[in-house]
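In what follows, residues are counted from 1 in the order of the sequence shown.
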Amino acid sequence: MKPEIPAPTVGEFAPEESATLWDLEERFWTGGADSARRMTARGAVFVFPYPAGILQGDAIWREKDVAQRWRSVEMSERYLTSEGEIAALAYRVSAERAGEPIHEAVCTSTYLREDGTWLRLTHQQTPAR
């Protein structure tokens, strides 16, 4: 008789795996556009407030709000869940860049682990003000 292998519990992550995902998410906001592009799956879908709307593929990187990175971000109310090779992050963000008002939003990002590398598959922002 084979020993029963318990099913993985949704949302359980080793602390270092959790830290890796949150670091990727922060670098998405503050790193250069090339860095953000490398961390994003080819067919990724992003949803931004109007006028940007729903973007996919290369259209993501042509949108000024995506291409122009943020000087600083503060993430709070962080949530992380996972199932197999997929992880979803949800959080509130306060982001700042030169010459613009503070950007406050609630966000979600979904990551897919492919060959040991986490790639962003989706990202969504809803204004929090």
Side-chain angles (χ1 to χ4, degrees):
M1 181 175 195
K2 273 185 161 178
E4 190 173 325
I5 299 171
T9 303
V10 173
E12 283 190 8
F13 253 128
E16 60 275 1
E17 199 75 55
S18 175
T20 295
L21 285 160
W22 286 112
D23 179 61
L24 285 171
E25 193 68 7
E26 185 169 333
R27 284 191 289 143
F28 168 70
W29 285 83
T30 60
D34 288 340
S35 173
R37 188 184 303 240
R38 281 192 306 274
M39 294 186 286
T40 301
R42 278 186 189 211
V45 175
F46 287 17
V47 180
F48 291 102
Y50 179 83
I54 301 169
L55 304 171
Q56 185 173 26
D58 288 339
I60 293 169
W61 311 112
R62 288 191 295 268
E63 175 58 38
K64 78 166 184 66
D65 286 338
V66 178
Q68 183 183 358
R69 307 319 301 156
W70 298 88
R71 176 174 36 201
S72 66
V73 296
E74 183 178 319
M75 296 179 200
S76 60
E77 299 177 40
R78 294 178 178 209
Y79 295 87
L80 169 62
T81 190
S82 65
E83 181 65 44
E85 300 299 301
I86 298 172
L89 285 68
Y91 57 95
R92 175 180 288 273
V93 69
S94 178
E96 177 182 18
R97 65 177 153 209
E100 293 189 22
I102 301 290
H103 175 65
E104 305 245 359
V106 289
C107 303
T108 59
S109 287
T110 306
Y111 286 83
L112 171 67
R113 185 170 28 205
E114 189 171 81
D115 298 326
T117 300
W118 288 106
L119 295 173
R120 182 175 299 94
L121 195 56
T122 68
H123 179 74
Q124 178 273 330
Q125 293 181 24
T126 301
R129 285 190 183 195

Here the salt bridge (Lys or Arg N to Asp or Glu O under 4.0 Å) pairs for residues 37-59, sequence neighbours left out, are none
So how far is it from Leu112 CG to Thr117 OG1, rounded to the nearest 0.5 Å?
10.5 Å
Which value, rounded to the nearest 0.5 Å, describes the distance between Phe48 atom CZ and Thr126 atom OG1?
11.0 Å
Looking only at non-hydrogen atoms, find the nearest pair between Trp29 and Ala95 and report the distance.
CZ3-CB, 3.8 Å
Within the structure provided, determine whether Trp70 and Val93 are in side-chain contact (heavy-atom separation under 4.5 Å).
no
Side-chain ion pair, Glu25 and Arg78, N-O less than 4.0 Å
no
Establish whether Leu121 and Val45 are linked, either directly or via other cluster members, by ILVMFWY side-chain heavy-atom contacts under 4.5 Å.
no
State the OG1-CG distance between Thr108 and Leu89, to the nearest 0.5 angstrom.
9.0 Å
Donor-acceptor side-chain pairing of Gln124 and Thr122 below 3.5 angstrom
no
Please identify each residue that fulfils side-chain contact (heavy atoms from CB on, under 4.5 Å) with Thr20, with sequence neighbours left out.
Leu24, Trp118
Below 30° counts as parallel, above 60° as perpendicular, anything between as tilted: where do the rings of Tyr91 and Trp22 land?
perpendicular
Are Met39 and Val73 joined in one hydrophobic group, where the rule is that I, L, V, M, F, W and Y side chains link up if heavy atoms are under 4.5 Å apart?
yes
Do the side chains of Phe46 and Met75 join up, straight or via other hydrophobic residues, at under 4.5 Å, putting them in one cluster?
yes
Looking at Arg120 and Ser109, what are the two nearest heavy atoms and their distance?
NE-OG, 3.9 Å
Kindly write out the residues that satisfy side-chain contact (heavy atoms from CB on, under 4.5 Å) with Glu104, not counting sequence neighbours, or none if the list is empty.
Ser94, Ile102, Ala128, Arg129
Give the minimum heavy-atom separation between Cys107 and Gln125, together with the two atoms involved.
SG-CG, 3.6 Å
Quick one: do Ser76 and Glu74 satisfy side-chain hydrogen bond (donor to acceptor under 3.5 Å, both in side chains)? Show the steps, please.
CA-CA 7 Å; Ser76 60; Glu74 183 178 319; 5.7 Å; no
